[in-house]
Each structure stands twice: as structure tokens, then as C-alpha cells.
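This is a predicted model, so every value here is computed, not measured. Starting from 1, each residue takes its place in the sequence as its number.
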Amino acid sequence: KQWTKRIVFDDRDGLAFKYYPLGETRSIVVNKNNQFGQPVIEGTNVKASTIYSYHLGGESNAAIAELYNLTEPQVVDAIEYSKTAA
């Protein structure tokens, strides 16, 4: 299946530990070690849902990126993921 290619397995125990719902080239990751497994922007603890809330509140992508020290593509990924996950 195509979605299984988005799962990263641990070399030591063979268990899944990361899932990239938009694919590995995008910044959203589900990792049990970050925010209790909620989707976050990789390399941060910023939840995709937090970014989406600001977006729904009318904030620009540039303002959100500056507020959380993110790139605009990371903000776009969070918004895209949140729209499809709803």
C-alpha cells in the first residue's frame, strides 16, 4: 500500500516510530515522542492543529511563521494536513 511507505521503522526493534502523513518530503510528522503522538512540524514541538487555529483566525502564513520561528512552507504543510485530517 502507498501509505505504508510513509512509515519509518526503528532498526533496533522493527517497530514503527514515525509516520509522515503527507510524505517524507513534507514537514508534518507523527512521532510518539512528540506531543503524545499528535501531528507536529518535524524538528519542533509545534502541533499542526495550533498552526491551523491561527490560520482559521485570519493570521497570514508569514505572521504565523514568524511567531513560531518556522518557514512558510512548514506553515503551509500544517494547514494542508489539518484541512485533510478534519
Supply the atom-to-atom distance Lys47 NZ to Tyr68 OH, rounded to the nearest 0.5 angstrom.
9.5 Å
Rounded to the nearest 0.5 angstrom, the CG-OH distance for Asn31 and Tyr20 is 8.0 Å
Smallest separation among heavy atoms of Gln74 and Ile41, with atom names:
NE2-CG2, 3.5 Å
Are Leu56 and Val75 joined in one hydrophobic group, where the rule is that I, L, V, M, F, W and Y side chains link up if heavy atoms are under 4.5 Å apart?
yes
Looking at every heavy atom in both Ile28 and Leu22, which two are closest together, and how far apart are they?
CG1-CD1, 4.1 Å
Taking atom CD of Glu66 as the centre, report whether more than 12 heavy atoms of other residues, nucleotides or ligands fall under 6.0 Å from it.
no
So CD of Glu42 and CG of Asp77: to nearest 0.5 Å the spacing works out to 11.0 Å
If you look at every heavy atom in Ile64 and His55, which pair is closest and at what distance?
CD1-N, 3.7 Å
CD1 on Ile51 to CG on Leu70, rounded to 0.5 Å
5.5 Å
Non-hydrogen atoms of Gly37 and Val30 that approach each other most closely:
O-CG1, 3.0 Å
Answer with yes or no whether the hydrophobic clustering places Val46 together with Val76; edges join I, L, V, M, F, W, Y residues whose side-chain heavy atoms lie under 4.5 Å apart.
no
Atom CD1 of Ile79 and atom OG of Ser53: how far apart are they, to the nearest 0.5 Å?
10.5 Å
Tell me, yes or no, whether the heavy-atom count around Asn69 atom CG, taken from other residues, nucleotides or ligands under 6.0 Å, exceeds 12.
no
Nearest heavy-atom contact between Ser82 and Ala48 is OG-O, 3.4 Å
